[in-house]
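Structure, as structure tokens:
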Amino acid sequence: MKILLATQKPFSSVAVNQLKELAQAKHELVIFEKYKEQSDLEEAVKDADALIVRSDKVTAEVVNAATNLKIVVRAGAGYDNVDLQSCSERNIVVMNTPGQNSNAVAELSLGLMIYLARNTFLPGTGSELKGKKLGIHAYGNVGKLVAGLAKGFGMEVSAFDPFVDDSVLIDDGVVPVKSVNELYSDNDVISINIPAIPSTIKSINKDILENLKKSVILINTARKEVIDEIDLLNAMRKNPGIKYGTDVMPDSHEKMKEFGMRYFATPKKMGAETEEANINAAVAALNQIIDFFETGNEKFRVNK
Ligand code: 3PG
């Protein structure tokens, strides 16, 4: 089978070499990195049986161009970059690799918290995380790891996740919160870890942002789309105590710069950019494809 690894933002060479070793003899692995245009991806995918991507856009055009395609694996957690409907119409299986890069994202969340609490390391007095209240928005793989790390820093941790049983949080020493509004209005630091799906797009809007504490750090290592940026700009103008750290550069980046050390965005999405996360996610993706071709295993399928 021909497996195309299409990564505009490449995995580390160590991770790619591990993929080459894993694929050898059984499958043809084609490495297609740092491409510039969507049309380049449409061309490259033409005769592929399987596709591994990161945040690369698997649009209807890509799916239509890939006449042999049977499986797409998003080597990572969020699959909002994959046109699930187009894949399902052709009975192409779509999978992700949940949990494989979560630790890297969680560590970055804590890094961003410290960076903003210390005023982006500019001269002046910052604050500590110890003793502060952290609210985690969604207790999935990343949220759970953020909770563990934050407790190590001596933070008081609570979380809101309607899909996770309270007992899971309580077992982890995390206080369950009953509503999003309560989570955002009652904490000194908020970690946003929700996926970008229709119900969450722009869901963090003025109703929530106008009721934040006088001093609060928002950390977004999820997706830019989940925040209403106009509402965030307005809230930050009204409340000078709001700081925003994000691993997903907002569309309003230029405007956000007016907030100086109250705002920081990574230039590229950096959450999963560790050697360990690259290896974990890439190897898991290829193993899932090999297993799918050999046994039909669809354990991590996200479309029907
Ligand atoms: C994910 O959804 O897994 C993360 O956002 C990482 O995305 P990336 O592989 O494009 O860096």
Side-chain angles (χ1 to χ4, degrees), residues 3-16 18-19 31-36 38 40-41 50-59 62 72-84 87 94-112 136-146 149 161 191-198 200-201 204 218-227 245-251 264-289 300-303:
I3 302 170
L4 182 73
L5 172 71
T7 48
Q8 225 163 16
K9 184 175 68 179
F11 284 125
S12 70
S13 53
V14 177
V16 173
Q18 288 203 18
L19 292 190
I31 314 293
F32 181 61
E33 294 173 334
K34 295 185 186 169
Y35 60 92
K36 296 269 183 294
Q38 274 299 111
D40 299 335
L41 176 57
L51 175 62
I52 300 174
V53 290
R54 298 185 66 177
S55 291
D56 307 77
K57 290 187 175 37
V58 185
T59 58
V62 171
V72 177
V73 180
R74 194 287 190 230
Y79 45 88
D80 45 308
N81 52 318
V82 181
D83 185 331
L84 295 185
C87 290
V94 181
M95 297 185 187
N96 65 350
T97 64
Q100 299 294 343
N101 58 20
S102 306
N103 188 63
V105 180
E107 286 188 12
L108 185 77
S109 305
L110 268 290
L112 289 171
I136 300 178
H137 192 177
Y139 205 69
N141 290 314
V142 177
K144 192 177 170 68
L145 288 163
V146 168
L149 295 173
D161 193 328
S191 179
I192 300 167
N193 304 110
I194 49 177
I197 52 176
T200 64
I201 305 288
I204 302 166
L218 295 178
I219 299 297
N220 182 2
T221 54
R223 293 289 184 269
K224 66 179 179 186
E225 290 84 358
V226 300
I227 290 202
T246 177
D247 185 33
V248 273
M249 193 176 277
D251 296 334
F264 174 75
T266 50
K268 281 244 168 202
K269 190 144 60 111
M270 294 304 294
E273 286 295 80
T274 65
E275 189 76 65
E276 295 87 344
N278 276 195
I279 293 170
N280 291 345
V283 169
L286 184 54
N287 273 329
Q288 286 172 211
I289 288 173
F300 295 105
R301 184 169 185 162
V302 296
N303 69 329

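Both ligands and their constituent atoms are indexed starting at 1 by order of listing.
No hydrogens or angles considered: a donor-acceptor pair under 3.5 Å links the side chains of Asn103 and Glu107. Between the side chains of Ser55 and Arg74, a donor-acceptor pair is found at a separation under 3.5 Å.
In this structure, atom 11 (O) of ligand 1 lies nearest to the protein heavy atom Lys9 NZ, 2.7 Å. With respect to atom 4 (C) of ligand 1, the closest heavy atom belonging to the protein is Lys269 NZ, 3.7 Å. Protein heavy atom closest to atom 10 (O) of ligand 1, with residue, atom name and distance, is Ser55 OG, 2.4 Å. Remark: minimum distance from atom 3 (O) of ligand 1 to any protein heavy atom is reached at Ala77 N, 2.6 Å.
Environment of NZ in Lys268: sparse, with no more than 12 heavy atoms of neighbouring residues, nucleotides or ligands closer than 6.0 Å.
Each of the following atoms of ligand 1 lies closer than 4.0 Å to a heavy atom of Asn101: 1 (C), 3 (O), 6 (C). Less than 4.0 angstrom separates some heavy atom of Ala272 from each of these atoms of ligand 1: 6 (C), 11 (O). Of all atoms in ligand 1, listed by their number and element, those nearer than 4.0 Å to a heavy atom of Gly78 are 1 (C), 2 (O), 3 (O). Within the listing of ligand 1, atoms 1 (C), 2 (O), 5 (O) sit less than 4.0 angstrom from a heavy atom of Arg223. Set against the non-hydrogen atoms of Gly76, the atoms of ligand 1 under 4.0 Å away are 3 (O).
Checking Asp56, Leu5, Leu51, Asp40 one by one against Phe32, the side-chain contact (heavy atoms from CB on, under 4.5 Å) holds for a single residue, Asp40.
Pairing each heavy atom of Ile52 with each of Ala285, the nearest pair is CG2-CB, 3.9 Å.
Considering each of Arg54, Arg74, Lys268, Gln8, the one bringing a non-hydrogen atom nearest atom 7 (O) of ligand 1 is Arg74.
With a 4.5 Å cut-off on side-chain heavy atoms, Val248 and Lys269 count as touching.
With salt bridges taken as basic N to acidic carboxylate O contacts below 4.0 Å, none links Arg54 and Glu33.
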